[in-house]
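Order of the sequence lines fixes the chain letters, A, B, ..., with proteins taken first and strands second; residue numbering starts at 1 for each chain.
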Amino acid sequence: MIRLEEVSKVYKTSTRPALDSISVEVDKGEFVFLIGPSGSGKSTFLRLLLREEVPSKGRVYVANFDVARMARRRVPRLRQSIGCVFQDFRLLQNKTVHENVAFALEVIGKPRHTIKKVVPEVLELVGLEGKAERMPSELSGGEQQRVAIARAFVNRPLMLLADEPTGNLDPDTSQDIMLLLERINRTGTTVLMATHDHGIVDSMRRRVVELDLGRVVRDDARGVYGVGR
Amino acid sequence: MRASFVFSEVLTGLRRNITMTIAMIITTAISLALLGGGLLVVRMIDKTQLLYQDKVEVSVYLTNDVSATDKECVNDPCKALRTSLETDPAVETVVFENRDEAFERFKRIFEAQPELVKLARPEALPASFRVKLVDPDRPEVITQSYGGRAGIDSITDQSEFLDRFFSALNGVRNVVFAVALVMAIAALLLISNTVQLSAFTRRTEVGIMRLVGATRWYTQLPFLLEAMVTGLVGALLAIGLLVLVKVMFLDDVLADPINAGVVRSVDGLDILLVSPWLLLVALGISGLTGYVTLRLYVRT
């Protein structure tokens with residue numbers, strides 16, 4: 001599903017590479033934690049997969065896309081097969097829950113009858129079936145993140161990228177969000193989650209890829225956040 | 001492409017920056033109205049030139065004693081002059097007009113001002129040859145070879161006056177175009193600024209759109225259409241402004257010379273013919289400015 005081959009990324013403004021010749025492979029349907037301190041290269045890793053950045057060296061493959069070399073006009077196709085969730089939710093405050101989720105389909109040109117059918121389905125999946133007409137400001141943080149997850153998942157992507165999705169949430173709510181991500185993972189969707197949250201990583205016992213100073217320092221199939229850290 | 005979605009985005013965008021939108025419409029409208037005004041002056045010049053083209057004549061006025069004594073032009077020097085003019089290869093036609101005929105014409109021209117006619121006497125008007133030239137653009141062939149001949153008082157060349165008249169109109173046209181250009185630059189900068197502002201206020205939406213894989217058309221078309229809609233509204237206002245100026249101002253001011261057949265009026269058809277150009281220019285410029293701005297300032 002994801003394959004990075006000797007990928008390096010050097011930003012013009014920095015002398016040290018953000019990623020230093022890393023190779024990582026993630027299979028379809030895996031659940032992977034991407035951990036590491038700030039500045040270790042997690043964000044760059046995710047941005048490369050979305051083609052928000054192009055690697056300085058190496059190859060990046062996502063599904064059947066040769067991400068680094070594909071034509072610019074095909075980038076939307078790549079992004080349509082990847083769902084994204086962020087720490088700050090990134091909801092549109094002037095749209096209702098339903099509209100926020102529908103927006104993701106409208107802007108890629110999905111027909112109205114499809115939107116009418118799938119949006120309530122995905123809202124039910126994330127447990128927000130009664131709150132479709134609420135505004136984001138009327139929801140709790142956990143509920144807002146559920147809306148964001150619904151939006152990321154509504155187009156049934158092959159892969160879900162989550163960048164510290166629990167960073168703004170209390171532990172109990174975080175646990176609920178993790179259960180939701182697990183459920184999405186069980187549908188066959190690959191989930192890649194960057195996080196700092198020890199408790200979550202330790203309790204889930206999933207694959208852990210740890211980055212430090214742009215290198216992969218650990219890749220455990222059923223890891224914990226880090227012993228002795 | 002979902003038209004309803006793009007359209008509602010455009011409307012929201014225009015409403016959100018309502019003050020900028022209004023400023024943009026006003027400058028666009030004024031700039032285009034001036035451009036249209038300039039084009040109308042061009043049309044007026046063309047039509048008026050057409051009006052005069054086959055009427056330009058050289059008038060050869062005869063001296064007072066010839067005018068008084070030789071009413072039928074049967075004696076020299078009048079007869080000799082007539083023969084000489086009629087055989088001149090540069091001359092197309094020659095018409096002799098004696099003092100009484102000149103007076104009749106005078107009365108006809110100024111029938112709207114009877115007090116002027118009352119003051120005039122046939123004795124004050126000279127007899128003349130009205131000479132039409134083969135090449136109306138070269139009246140000097142007559143003025144040079146006949147000036148100073150016996151019996152001739154003066155030679156006037158209508159094209160000299162017309163040249164001055166048309167160069168005045170051309171000047172008006174140039175000034176109008178120059179002001180239109182300056183306003184167009186202001187409109188251009190405003191459009192560019194508004195597109196940037198619009199893209200900035202909607203950066204969250206645009207960010208999400210890019211993230212979920214919307215194509216560039218989907219993310220940028222609303223901004224482009226916003227610019228073009230304001231351009232279109234500006235053009236429509238400009239056309240309205242031209243009609244208003246014609247009806248409320250131009251028709252009044254130019255009523256006399258138009259009725260006298262001196263200049264051609266600006267009629268509705270002229271405005272109708274200029275309008276599509278204004279619309280086209282408005283859409284073209286606003287669309288292009290929007291596109292270039294998005295390309296230069298807004299990341300995709």
Next item on the list: Begin with the C-alpha distance, continue with both residues' side-chain angles, and end with the deciding distance and a verdict on side chain to side chain contact (heavy atoms under 4.5 Å, CB included) for B:Thr204 and A:Gln93.
Entry: CA-CA 10 Å; B:Thr204 328; A:Gln93 295 300 320; over 6 Å; no
Item checked: Considering all heavy atoms, the nearest B:Leu211-A:Arg79 contact -> O-CB, 3.5 Å
What side-chain donor-acceptor pairs closer than 3.5 Å can you find for residues 142-151 of chain A, not counting sequence neighbours?
from     : atom 1 : to       : atom 2 : distance (Å)
A:Glu143 : OE1    : A:Ser140 : N      : 2.9
A:Glu143 : OE1    : A:Ser140 : OG     : 3.3
A:Glu143 : OE2    : A:Lys131 : NZ     : 2.4
A:Gln144 : NE2    : A:Pro136 : O      : 3.3
A:Gln144 : NE2    : A:Leu139 : O      : 3.4
A:Gln145 : NE2    : A:Phe86  : O      : 2.8
A:Gln145 : NE2    : A:Pro165 : O      : 2.8
A:Arg146 : NH1    : A:Val126 : O      : 2.7
A:Arg151 : NH1    : A:Arg90  : O      : 2.8
A:Arg151 : NH2    : A:Phe89  : O      : 3.4
A:Arg151 : NH2    : A:Arg90  : O      : 2.9

Checklist line | Proximal component of A:Asn155, with respect to chain B [non-hydrogen, under 4.5 Å] | finding: neither
Notebook entry, point to check: CZ of B:Arg216 to CZ of A:Arg73: how many Å apart, nearest 0.5 Å?
Noted result: 12.5 Å
Margin query: Other residues, nucleotides and ligands only: do more than 12 of their heavy atoms fall within 6.0 Å of CZ on A:Arg77?
Written below: no
Notebook entry, point to check: So which heavy atom on B:Thr215 is nearest to which on A:Pro76, and how close?
Noted result: CA-CG, 3.9 Å
Next item on the list: Kindly check if the number of other-residue, nucleotide or ligand heavy atoms within 6.0 Å of OH (A:Tyr11) is above 12?
Entry: yes
Notebook entry, point to check: Could you state the interatomic distance from NZ (A:Lys95) to CD (B:Glu205), rounded to the nearest 0.5 Å?
Noted result: 6.5 Å
Checklist line | CG-CD1 distance between A:Leu91 and B:Ile208, expressed to the nearest 0.5 angstrom | finding: 7.0 Å
Next item on the list: Look up atom CG in A:Leu92 and atom CE in B:Met209, then write down how far apart they are to the nearest 0.5 Å.
Entry: 10.0 Å
Item checked: Taking every non-hydrogen atom, the tightest pair across A:Val107 and B:Ala214 -> O-CB, 3.3 Å
Check: Listed by chain and number, what are the side chain to side chain donor-acceptor pair (under 3.5 Å) partners of A:Thr189, not counting sequence neighbours?
Finding: A:Thr187
